[in-house]
Number of protein chains: 2
Amino acid sequence: MSIQLPVQTVSRLCLIYRVLLGMDRETVLSSSKLGKLVNIPAHTIRKDLSVAGKVKSSNAGYKAGELLDFIKGLFRFDSPLRVCVAGIGLLGSSFIKNPVQEGGQFIIVAGFDTNINKIEVMKSDVPLFPAYEMADKIREMRIDLGIIAVPAQAAEITKERMKEGGIKGILNFSPAILGDKDIAVRNVHFAEELRFLTAMIPDLEKGV
Amino acid sequence: MSIQLPVQTVSRLCLIYRVLLGMDRETVLSSSKLGKLVNIPAHTIRKDLSVAGKVKSSNAGYKAGELLDFIKGLFRFDSPLRVCVAGIGLLGSSFIKNPVQEGGQFIIVAGFDTNINKIEVMKSDVPLFPAYEMADKIREMRIDLGIIAVPAQAAEITKERMKEGGIKGILNFSPAILGDKDIAVRNVHFAEELRFLTAMIPDLEKGV
DNA sequence: CCTCGGTTGTGAAATTTTTCACAAGTGTTA
DNA sequence: TAACACTTGTGAAAAATTTCACAACCGAGG
């Protein structure tokens, strides 16, 4: 269980988990069928499952439900995680208004913003608090994950507040690049995705 | 120039490009200083630059401006790219309303949606068109990149329409997993980022 | 001019990750 | 039962990537 899986393997298993979620549990999939759905070669999928510790069940394909349960157990996706959002701007509020529905795996339980007016004006089922209460509320509400959707200059302090509250992981949408030795941090940056895409295009000839 | 760089190297260079953009061109950076800013070991940065073909300039640090220009030239980030958005929902319209500002590298030039009403009602500086005109408009307006922000079931057909118009790369925010052998495709999925984060947390003890 | 602390660029080593190849298992059809 | 067309799991080979170590270089301060 605690053998450190290659990052790429983790990422691929998450992808597989996603397609399995939207699939009948009884569906039987071969590694090659599954591979076509997620754009991963069949042998890589088999290897990933192998190193992840998949125990032999049959040599005639995987039952979607069983595979789902295997990955769920492996990464402890079974119990729902409490998530908070820092920064109630356009992006932040979209998380609060349209919570992710992944089988109830994540529950948005709180929002934070430095702007008290915003907190009071905004209508929301999710309770909103001023930013300075962040550490306390995170501790109090036993929040596991944080989404940072604040401007770049506020990102670092937000991270620190979240850490102080004992958060375990951060998904950072601010333009700042965050990292931490104690907790897991993932940076997502839209413009950078576009840039990466551009860099990966083999023979781009620019428009006139 | 055409030597195929490792994907990871490309990704790291994009990250470095990002921090350089927000920095005075005259700033002098050593590989270790730069490394701290982007959370990459110094020797990895040096190696990346080395395989990317960086020519020796000095043995006393990198000038931010020069490094920026080097990466810009390497990936042809110099001329702006035309981008369109398919799906004028919450996410899609956020791209249209708050265009990314990365030094004018990307210009949102068109939006598409199947819902004609939405197109007529929405106020926007960016011209909006019905989805069935997508291929034609993309060709006509010489659009380079597409952002897909449509529901899962419409993702595949949207990709095909974009390809038909001759698009070079797609950033897919729909829950569908897209791939293509001809053009560059990048899938971004929020819930999956949370899931990956969860999977990467070493010793997560769930709340009560 | 010489030394010292700091720097880069890069072959070579070490490590990680992917790919391959195949023994062995399954289920169906006859 | 036998043959066949499929499948998995995995050790070993291959390939890709990261890390290391170090020669060569820079600039400042005597």
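All heavy atoms count here, side chains included; hydrogens, waters and symmetry mates do not.
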Lys/Arg N to Asp/Glu carboxylate O, B/D144 vs B/K168, below 4.0 Å
yes

For A/T44 and C/dT19, is the shortest distance between a side-chain N/O and OP1 or OP2 below 4.0 Å?
yes

What's the CG-C1' distance between A/D48 and C/dT17, to the nearest Å?
10 Å

Closer than 4.0 angstrom, basic N to acidic O: yes or no for A/D48 and A/K54?
no

How long is the line joining CD of A/E66 and P of D/dG9, in whole Å?
11 Å

Would you say a side-chain N or O of B/R46 is under 4.0 Å from OP1 or OP2 of D/dC20?
no

Contact under 4.0 Å: A/Y62 side-chain N or O vs D/dG9 OP1/OP2:
yes

Find the distance A/K47:NZ to D/dA14:P and express it as a whole number of Å.
15 Å

Stepwise side chain to side chain contact (heavy atoms under 4.5 Å, CB included) check, B/F112 with B/R161
CA-CA 11 Å; B/F112 300 97; B/R161 279 172 171 161; over 6 Å; no

Hey, what's the ring geometry for A/F173 with B/F190, parallel, tilted or perpendicular (30° and 60° as the breaks)?
perpendicular

Regarding the side chain of A/T9, the nearest nucleotide among C/dT7, D/dT7, C/dT18 is C/dT18

How many Å lie between CG on B/L5 and P on D/dA15, as a whole number?
20 Å

Answer yes or no on whether B/K137 is positioned over the face of B/F129, meaning its NZ or CZ is under 6.0 Å from the six-membered ring centre and within 45° of the axis.
yes

Which sits closer to the 5' end of DNA chain C, A/A60 or B/N59, going by the nucleotide each is nearest to?
B/N59

Take atom NZ of B/K33 and atom P of C/dT8, then tell me their distance rounded to the nearest Å.
9 Å

Both B/V55 and A/P41 contact DNA chain C. Taking the nearest nucleotide for each, which residue is further toward the 5' end?
B/V55

Rounded to the nearest Å, what distance is computed from the CD atom of residue B/Q4 to the P atom of nucleotide D/dT17?
10 Å

Nucleotide C/dT15, atom C1' - distance to CD of A/Q8 in whole Å:
15 Å

Between NE2 of A/H43 and C1' of D/dG11 the distance, given in whole Å, is 16 Å

At under 4.0 Å, does any side-chain N or O of A/K54 touch on OP1 or OP2 of D/dG9?
yes

